[in-house]
Visitor: 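Once you've had a glance at the structure underneath, I'll fire off some questions.
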Amino acid sequence: MTDSDHSPEIAFPSSQLRTDAIGFDALGRLHKRLSECSSDTVIIDCARLFWLDGHLSSPFLTVLNHCRARHVTISFKGLKPDVRLLLRKNGLLEERAVDSHHTTIPVTTFGLHEEVAFADFSRSHLARPEMPKMSKALQAKIFEAVDELFANCALHSKSPLRVVTAGQFFPRTHRLAFAISDGGRGVDGSLRASKISFTSPTDAIDWAMEGNNTTRKGDIPGGLGLKLLRRFIERNQGKLTVVSNAGYWCQEAARVRRAVLRNPFPGTAVILEISTSDRNSYDLAGAAPRPEDIW
């Protein structure tokens with residue numbers, strides 16, 4: 001991508017992009033500024049940006065794709081060398097770089113009906129040697145729960161965009177992160193379409209994340225898949241983040257935090273973070289794969 005002296009510039013609204021409410025509010029602000037741009041080309045000035053969680057390339061690309069859907073050409077300037085190299089390694093930038101350390105899960109997009117391709121992709125990149133030890137039966141159920149993340153995008157998001165996935169392994173902090181972003185109408189939007197209303201987008205996510213609510217509403221997994229995933233995150237000391245429009249919901253180990261974003265994210269993003277320093281072995285007790293039977 002080349003910069004043009006005549007293109008309007010939009011400053012990236014934060015010095016870092018991390019998996020928290022501040023990071024997603026920054027993406028919401030960027031979306032708002034891009035939406036207000038009437039030019040057919042725009043430059044994003046990233047001179048302030050010194051850190052980006054690699055897996056957040058997924059929701060970042062969703063924001064960019066909303067703008068590109070209006071036939072706007074986007075280019076970047078001022079990228080710090082480390083940030084540029086990361087985005088080249090995971091494929092967000094056109095000029096690719098070799099990932100010799102194999103720490104990135106490449107930015108990849110899927111149509112809403114490409115469930116099989118997504119399942120193959122997620123299994124090939126999440127079945128890493130750094131993953132906690134678990135039986136094949138439990139691993140299959142975890143992968144099925146991840147598949148439900150995508151299935152709900154296809155069923156409920158009504159997204160005009162392709163679903164974006166990306167991931168990152170952080171050797172120093174012992175984390176494996178995987179993100180899915182759909183750019184659709186959001187959890188609250190799909191619930192409203194089903195005549196279920198909440199006072200805030202965060203309340204809608206909170207309701208959808210309750211294990212007893214198995215109506216499969218919203219852009220996140222329901223029923224057994226969700227229960228199993230949340231139970232595993234609790235035992236693993238991992239993290240599960242759901243951002244949908246102005247709603248922010250995060251389970252870290254057993255603790256849940258909620259927030260309302262001042263600048264809504266355009267769609268739903270789900271980020272699964274697994275602790276790879278976990279030395280426990282996980283299995284399903286008995287024949288029935290009940291979430292309370294993870295041990």
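Just so we're clear, the structure is a prediction, and the values are computed from it rather than from any experiment.
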Visitor: To the nearest 0.5 angstrom, please state how far the SG atom of C153 sits from the CD atom of E115.
Guide: 10.5 Å
Visitor: Any side-chain heavy atom of M134 within less than 4.5 Å of one from I142?
Guide: yes
Visitor: Quick check: closest heavy atoms across D283 and L138, and the distance to 0.1 Å?
Guide: N-CD2, 3.8 Å
Visitor: Give me the atom names and distance for the closest heavy-atom approach of H125 to P106.
Guide: CE1-CD, 3.6 Å
Visitor: Do V187 and P201 have side chains that approach each other closer than 4.5 Å (heavy atoms only, starting at C-beta)?
Guide: no
Visitor: Please give me the minimum heavy-atom distance between V243 and L261, naming the atom from each residue.
Guide: CG1-CD1, 3.8 Å
Visitor: Does the S190 side chain pair with the main chain of S157, one donor and one acceptor, at a distance under 3.5 Å?
Guide: no
Visitor: Show the nearest heavy-atom pair for residues S244 and T268, with the distance to one decimal.
Guide: OG-OG1, 2.8 Å
Visitor: Hey, are the side chains of E148 and L226 touching, using non-hydrogen atoms and a 4.5 Å cut-off?
Guide: no
Visitor: What residues form a side chain to side chain donor-acceptor pair (under 3.5 Å) with S277, not counting sequence neighbours?
Guide: S275
Visitor: Give the C-alpha distance, both sets of side-chain angles, the deciding distance and a yes or no for side-chain contact (heavy atoms from CB on, under 4.5 Å) between F118 and T108.
Guide: CA-CA 9 Å; F118 171 82; T108 307; over 6 Å; no
Visitor: Can you check whether F12 and F60 have ring centres sitting under 6.0 Å from each other?
Guide: yes
Visitor: Can you tell me how far the CE atom of M131 sits from the NZ atom of K133, to the nearest 0.5 Å?
Guide: 13.5 Å
Visitor: Any side-chain heavy atom of H55 sitting closer than 4.5 Å to one from F178?
Guide: no
Visitor: Is a side-chain donor or acceptor of D203 paired with a backbone partner of F198 at a separation under 3.5 angstrom?
Guide: no
Visitor: Hey, can you pull the donor-acceptor pairs under 3.5 Å for the side chains in residues 78-86, sequence neighbours left out?
Guide:
| residue | atom | partner | partner atom | Å |
| --- | --- | --- | --- | --- |
| K80 | NZ | A47 | O | 2.2 |

Visitor: After noting the C-alpha distance and the side-chain angles of F76 and L93, does the key distance pass the side-chain contact (heavy atoms from CB on, under 4.5 Å) rule?
Guide: CA-CA 9 Å; F76 300 93; L93 297 180; 3.9 Å; yes
Visitor: Got a second to check how far L61's CG is from L56's CG, nearest 0.5 Å?
Guide: 12.5 Å
Visitor: Out of curiosity, C250 SG to I233 CD1, how far, rounded to the nearest 0.5 Å?
Guide: 9.5 Å
Visitor: Whether the side chain of S197 engages the backbone of R192 through a donor-acceptor N/O pair (distance < 3.5 Å, no angle test) should be reported.
Guide: no
Visitor: Using side chain to side chain contact (heavy atoms under 4.5 Å, CB included) as the criterion, list what pairs up with A69, not counting sequence neighbours.
Guide: L161
Visitor: Do C67 and I74 have side chains that approach each other closer than 4.5 Å (heavy atoms only, starting at C-beta)?
Guide: yes
Visitor: Tell me the closest heavy-atom pair linking N245 and R185, and the distance in Å.
Guide: ND2-O, 3.1 Å
Visitor: Kindly write out the residues that satisfy side chain to side chain donor-acceptor pair (under 3.5 Å) with E130, not counting sequence neighbours, or none if the list is empty.
Guide: R128
Visitor: Would one find more than 12 heavy atoms of other residues, nucleotides or ligands at under 6.0 Å from atom CZ of R262?
Guide: no
Visitor: Is R88 reaching over with its side chain to a backbone N or O of E95, donor-acceptor style, under 3.5 angstrom?
Guide: yes
Visitor: If we check side-chain contact (heavy atoms from CB on, under 4.5 Å) with Q251, which of these qualifies: M209, E234, K239, R257?
Guide: E234
Visitor: Do R230 and V256 make a side-chain contact, defined as non-hydrogen atoms from C-beta onward lying under 4.5 Å apart?
Guide: yes
Visitor: Would you kindly confirm whether L126 and F170 end up in one hydrophobic cluster when ILVMFWY residues are joined by side chain heavy atoms under 4.5 Å apart?
Guide: no
Visitor: Is there side-chain contact between T73 and S7, with heavy atoms separated by less than 4.5 Å?
Guide: no
Visitor: If I take atom CG from residue L49 and atom CH2 from residue W51, how far apart are they, to the nearest 0.5 angstrom?
Guide: 11.0 Å
Visitor: Does the D182 side chain pair with the main chain of V163, one donor and one acceptor, at a distance under 3.5 Å?
Guide: no
Visitor: Between the main-chain N or O of R172 and the side-chain N or O of R175, is there a donor-acceptor pair closer than 3.5 Å?
Guide: no
Visitor: Enumerate the ring pair (Phe, Tyr, Trp, His ring centres under 6.0 Å) contacts for residues 242-274, please, sequence neighbours excluded, ordered by first and then second residue.
Guide: F24-F265
Visitor: Quick check against the 3.5 Å criterion: does D99 have a side-chain atom that pairs as donor or acceptor with the backbone of T104?
Guide: yes
Visitor: Output yes when a side-chain donor or acceptor of R162 lies under 3.5 Å from a complementary backbone atom of N65, and no otherwise.
Guide: no
Visitor: Looking only at heavy atoms, what is the nearest atom pair of N90 and S57, with distance?
Guide: ND2-OG, 2.9 Å
Visitor: Just jot down the side chain to side chain contact (heavy atoms under 4.5 Å, CB included) partners of T202, sequence neighbours excluded, or say none.
Guide: S200, R258, V260
Visitor: To the nearest 0.5 angstrom, please state how far the CZ atom of R123 sits from the CD atom of E144.
Guide: 7.0 Å
Visitor: Decide yes or no for I105 and F121: does some side-chain heavy atom of the first lie under 4.5 Å from some side-chain heavy atom of the second?
Guide: yes
